[in-house]
Amino acid sequence: MEIITHENDCEKRLLTNDYCPNPAMKNCFQTQFFTCTLRKIELCGQTLNQFHVDEGAQFLLMHLTVHNMTNEILSMFKEDFYIKFDGEGPFEPEEEFGVTHQFPDTYALKPNEEMKGVLVFLIAQDTKKIVFSYTEYFDDESEGKTYRLKYDLKS
């Protein structure tokens with residue numbers, strides 16, 4: 001997985017030692033309803049567009065593709081996905097930050113349709129590990145499987 005970090009007005013690419021119990025699913029997971037592919041992780045520092053966070057925090061952008069594998073319309077929510085960093089969390093994606101293609105709060109995918117977009121998170125500046133997750137919840141409010149993608153953020 002390639003991670004892009006922005007420091008002092010320049011872009012730096014990091015390669016990580018990814019945790020991956022199944023190499024075939026290194027940056028992707030498949031649920032009963034959809035596949036989610038993590039295309040890129042971007043560490044943006046303390047400033048994102050016109051927004052600025054306090055010292056000790058930074059913006060994290062997760063560039064995703066979500067593909068509906070069912071024969072029905074699939075309703076999705078931005079809050080379906082969350083992260084943990086260095087054992088803290090879980091944290092839901094942030095509200096609108098004016099990022100191009102940022103996922104809306106809710107969206108629907110037609111059968112076999114996919115959507116590319118970005119989720120924005122705030123994490124600690126000295127974060128070493130992140131876990132990107134999705135947990136299945138069903139109409140009867142029961143909980144299903146949790147899918148996780150784990151990454152080390154090392155320079």
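Note that this is a predicted model, so its numbers are computed, not measured.
Here CG of N112 is found 8.5 Å from CG of N71. Values are rounded to the nearest 0.5 Å. Rounded to the nearest 0.5 Å, atoms CZ (R39) and NZ (K116) are 5.5 Å apart.
For D86 and K129, the salt-bridge test fails: no basic side-chain N is under 4.0 Å from an acidic carboxylate O.
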Show the numbers, then the answer: is there a side chain to side chain contact (heavy atoms under 4.5 Å, CB included) between C36 and L64?
CA-CA 7 Å; C36 178; L64 306 174; 4.1 Å; yes
T37 and T65: side-chain hydrogen bond (donor to acceptor under 3.5 Å, both in side chains), yes or no, with the steps?
CA-CA 5 Å; T37 304; T65 301; 5.7 Å; no
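Ring centers of F85 and F91: under 6.0 Å apart, within the cut-off. Ring centers of F59 and F121: at least 6.0 Å apart, outside the cut-off. Residues Y134 and F34 bring their aromatic ring centres within 6.0 Å.
Note on residues 55-65: no pairs pass salt bridge (Lys or Arg N to Asp or Glu O under 4.0 Å), not counting sequence neighbours.
Taking both residues in full, the closest heavy atoms of A108 and E113 are given as O-OE1, 3.9 Å, listed atom of the first, atom of the second, then distance. In plain terms, the two heavy atoms of I73 and K110 that are nearest each other are CG1-CA, 4.4 Å.
With E72 contributing its side chain and P111 its backbone, the two residues share no donor-acceptor pair below 3.5 Å.
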